[in-house]
**Student:** 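Let me give you the structure first, and then I'll get to my questions.
Below, chains carry the letters A, B, ... as their sequence lines are ordered, and counting in each starts from 1.
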Amino acid sequence: MAQYWLVKSEPDEYSWSDLKKAGRDVWDGIRNYQARNFMRDMRWGDTVLFYHTGKERSIVGLASVIRTAFPDPSAGEAGDWSAVELKSGRRLKHPVTLAQIKADNALKNCYLVRNSRLSVMPITADEYNRVLVLAGDT
DNA sequence: GCCAACGTTGGC
DNA sequence: GCCAACGTTGGC
């Protein structure tokens, strides 16, 4: 049973387009235990929604998990951190904004709204499907 | 640029 | 083990 996730990134630092250009990339540098633990629950082939923070504040595209959690190479000896590897998917037809998400009954209780500082989070299949509807991308 | 929310650190 | 102080994130 596939699971669904959402990861956040500041596009000036690493955008969905950067991942698209790279094709696949290591998702590392996460230094929050809750986010780390969610990454450790990711399984091969899981679908990931890619959210841009900052000015954009919207879900812009898809990705998928192609390598499950391994020791974060950027952490060195600094601690027990994990990374995964993501493959780029398609861009959403229309970005789904945070304002839309907050205004939507099916989405307003998701982690993105409840805990705005969390950078890796699970979403339900229903929430995922709703995002695709709002994206005009079913 | 401000500030609320959250996590971490360190004094006691 | 509590909590005040501080740092960071990210929405506004």
**Student:** I need the CG-C1' distance between A:Leu112 and C:dT9, as an integer number of Å.
**Tutor:**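 The answer, rounded to whole Å, is 13 Å.
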
**Student:** So, do A:Phe50 and A:Lys8 sit near enough that their side-chain heavy atoms are less than 4.5 Å apart?
**Tutor:** no

**Student:** How many whole angstroms separate atom NZ of A:Lys8 from atom P of C:dG10?
**Tutor:**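 Distance, rounded to whole Å: 5 Å.
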
**Student:** Return the value, rounded to whole Å, for the distance between atom CG of A:Asp12 and atom P of C:dG10.
**Tutor:** 13 Å

**Student:** Indicate whether OP1 or OP2 belonging to B:dA5 is found under 4.0 Å from a side-chain N or O atom of A:Tyr111.
**Tutor:**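 Answer is no, no contact under 4.0 Å.
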
**Student:** Kindly check if the number of other-residue, nucleotide or ligand heavy atoms within 6.0 Å of OH (A:Tyr33) is above 12?
**Tutor:**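 No, OH of A:Tyr33 has 12 or fewer neighbouring heavy atoms, counting only those of other groups under 6.0 Å.
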
**Student:** So, do A:Leu92 and A:Leu132 sit near enough that their side-chain heavy atoms are less than 4.5 Å apart?
**Tutor:** yes

**Student:** Considering only heavy atoms from C-beta outward, does the side chain of A:Tyr111 approach that of A:Leu6 to under 4.5 Å?
**Tutor:**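 The answer is no, as the side chains (C-beta and beyond) never meet within the 4.5 Å cut-off.
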
**Student:** Measure from the side-chain heavy atoms of A:Tyr33 and tell me the nearest of B:dA5, C:dG11, B:dT8.
**Tutor:**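 Closest nucleotide to the A:Tyr33 side chain: B:dT8.
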
**Student:** Tell me if the NZ atom of A:Lys20 is crowded by more than 12 foreign heavy atoms within 6.0 Å.
**Tutor:** yes

**Student:** Between A:Arg31 (CZ) and C:dT9 (P), how many Å, whole number?
**Tutor:**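 Rounded to whole Å, this separation is 12 Å.
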
**Student:** How long is the line joining NZ of A:Lys55 and C1' of C:dT9, in whole Å?
**Tutor:**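 That distance rounds to 17 Å.
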
**Student:** Ion pair present between A:Arg36 and A:Asp72, side-chain N to carboxylate O less than 4.0 angstrom?
**Tutor:** no

**Student:** Please state how far atom CE in A:Met121 lies from atom C1' in B:dA5, giving the value in whole angstrom units.
**Tutor:** 14 Å

**Student:** Looking at every strand, decide which applies to A:Leu98 at a 4.0 Å heavy-atom threshold: base, sugar-phosphate, or nothing.
**Tutor:** sugar-phosphate

**Student:** Mind calculating the distance between CG (A:Leu118) and P (B:dA5) to the nearest angstrom?
**Tutor:** 16 Å

**Student:** Name the closest nucleotide to the A:Thr53 side chain, picking from B:dT8, B:dG7, C:dG11.
**Tutor:** C:dG11

**Student:** A quick test of your reading: do over 12 heavy atoms of other residues, nucleotides or ligands sit less than 6.0 Å from CZ of A:Arg40?
**Tutor:** yes

**Student:** Nearest-Å distance, CD1 (A:Ile30) to P (B:dC6)?
**Tutor:** 18 Å

**Student:** If the helix axis at each end comes from five base pairs, how far does the helix from B:dG1-C:dC12 to B:dC12-C:dG1 deviate from straight, to 10°?
**Tutor:** 10°

